[in-house]
Every structure is written in structure tokens, then in C-alpha cells.
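Presented below is the structure to which this report refers.
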Amino acid sequence: MRLTRLLAAAALLLAPTLVPPAFAQNAEVREPGLVPYVVKDYAIEKSLTGKPGDAAKGRQWAITGGQGNCVICHKMPIPEVAFRIGNVGPDLSEVGGRLTPAEIRMRIVNSKLLNEETIMPAYYRVSGLTRVAPAFANKPMLSAEQVEDLVAYLSTLK
Ligand code: HEC
């Protein structure tokens with residue numbers, strides 16, 4: 001009896017912190033150590049840091065190995081790394097005209113919310129990851145600031 005009540009209490013406590021299934025169109029996502037965020041209509045409206053990012057830094061993360069390194073899969077207008085540019089993902093040269101900043105943010109945070117099968121890494125996520133290098137255990141691949149810097153940069157691409 002006591003145990004049942006204890007378990008019920010634990011379940012109640014844990015319930016709001018449970019991460020919703022990867023395929024969630026509308027959800028509030030809370031993960032240990034990460035800023036909570038709300039996904040609505042495949043977009044995250046609010047800045048993870050509460051302020052706009054720095055587009056110049058975002059451009060840098062897009063080409064930095066170990067950080068974003070987006071150019072290994074995406075065409076972007078960054079001539080100095082032309083030799084490293086991949087075409088696994090869609091061309092992002094005009095992504096700011098196609099997607100809103102909120103939609104871009106969701107795709108960087110966790111594009112698996114849109115397509116469970118995508119090979120694009122979920123950059124702001126700590127749970128449900130497989131084959132994580134020890135250096136990344138319990139750490140998202142990008143910080144909230146870096147995500148916002150990338151949102152700012154990609155939004156300039158029109
Ligand atoms: C391993 C390859 C890979 C890497 C690395 C990668 N992406 Fe992607 N990305 C994809 C693929 C593939 C898609 C297409 C969506 C899908 O698979 O459902 C995509 C889609 C996107 C989209 C949506 C584009 C659209 O037109 O709908 C954005 C925005 C995006 N990626 C941004 C980024 C950013 C920013 C980075 C770096 C932080 C990044 N991606 C790194 C593979 C990658």
C-alpha cells in the first residue's frame with residue numbers, strides 16, 4: 001500500500017519532466033540541463049536564450065567541425081569551405097526566405113520532430129541519442145547560444 005502510494009507520487013512528480021515521443025508536433029520539451037522549449041506547428045517560437053543570436057558567429061558554427069559543421073551536408077554560401085560542402089541535405093542558400101526563424105530553430109534543435117528518420121543530428125537534445133561520443137554524453141551538440149547564432153545566420157540567407 002505504502003509502496004503503491006510512493007510510486008504514484010513518483011509518477012506524478014516525473015510526469016511533467018518526461019520527454020514526449022520524438023514525433024510530437026505540439027509539446028513542451030524538458031530535458032535535464034537544457035532550456036525548456038515549446039514546439040508548436042513544427043516551430044519553436046521563442047529564442048532559447050531569450051534574445052537574438054549573432055549571425056556572424058552562426059556562420060562560424062556552420063563551418064566548424066565539432067560544433068555545427070552544417071556544411072558537410074548542406075550547401076551554404078560560404079566560399080572559403082567550398083571544398084567541404086556536401087549535398088546530403090537541402091541547399092540552405094535561401095532557407096531564410098523559405099522558413100521562419102521559429103521553423104529554422106526547430107529544425108536545428110531536433111529535426112527528428114519533423115522526420116523521425118532524418119540523418120540530420122538533433123543539435124539541442126540529450127536524451128534518445130545513440131552512438132554518442134563520450135565527450136557529448138549528457139551535453140547537447142550545440143549550446144542554446146550557438147543554436148540562436150545559427151538561427152540568426154540562416155535567417156539572413158534569402
Ligand atoms: C548529416 C547531415 C546533416 C548535417 C550535419 C546537418 N543537416 Fe540539416 N538537414 C539534413 C537533411 C538530410 C535534411 C532534410 C530533412 C530531412 O531529412 O527530413 C536537413 C534539413 C535541414 C533544414 C530544413 C531545410 C529545408 O529547406 O526544409 C535546416 C534549416 C537545416 N537542415 C539546418 C542545418 C544546420 C543549421 C546544420 C548545422 C548545425 C545542419 N542542418 C546539419 C542533413 C544534415
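One-based numbering, in listed order, for ligands and for the atoms of each. For this chain, numbers begin at 1 and follow the sequence in order.
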| said: How close do V126 and P32 get, counting heavy atoms only, and between which atoms? | reply: CG2-O, 3.8 Å
| Residue pair I85 / M76: nearest heavy atoms and the distance that separates them | CD1-O, 3.5 Å
Quick one: look at [X] and ligand 1, take heavy-atom pairs under 4.0 Å, and tell me if it's side chain, backbone, both or neither.
X    : value
P121 : side chain
L154 : side chain
Y123 : side chain
E117 : neither

Taking atom [atom1] of [X] and atom [atom2] of [Y], what is their separation to the nearest 0.5 Å?
X    : Y    : atom1 : atom2 : value
S143 : Y124 : OG    : OH    : 8.0 Å
N69  : I63  : CG    : CD1   : 9.0 Å
R105 : S155 : CZ    : OG    : 8.0 Å

| message | Run the salt bridge (Lys or Arg N to Asp or Glu O under 4.0 Å) test on E148 and K57 for me, step by step, so that the C-alpha distance in whole Å, both residues' side-chain angles and the decisive distance to 0.1 Å come before the verdict. | response | CA-CA 10 Å; E148 292 307 323; K57 283 189 187 159; over 6 Å; no
| query | At a 4.0 Å threshold, what atoms of ligand 1 neighbour a non-hydrogen atom of L150? | reply | 38 (C)
| remark: ligand 1 to N115, heavy atom cutoff 4.0 Å, flagged ligand atoms 16 (C), 17 (O), 18 (O)
| message | No waters, cut-off 2.8 Å: how many protein N, O or S atoms are close to atom 8 (Fe) of ligand 1? | response | 2
| Tell me, which protein residue and heavy-atom name are nearest atom 25 (C) of ligand 1, and how many Å apart are they? | R98 NH2, 3.7 Å
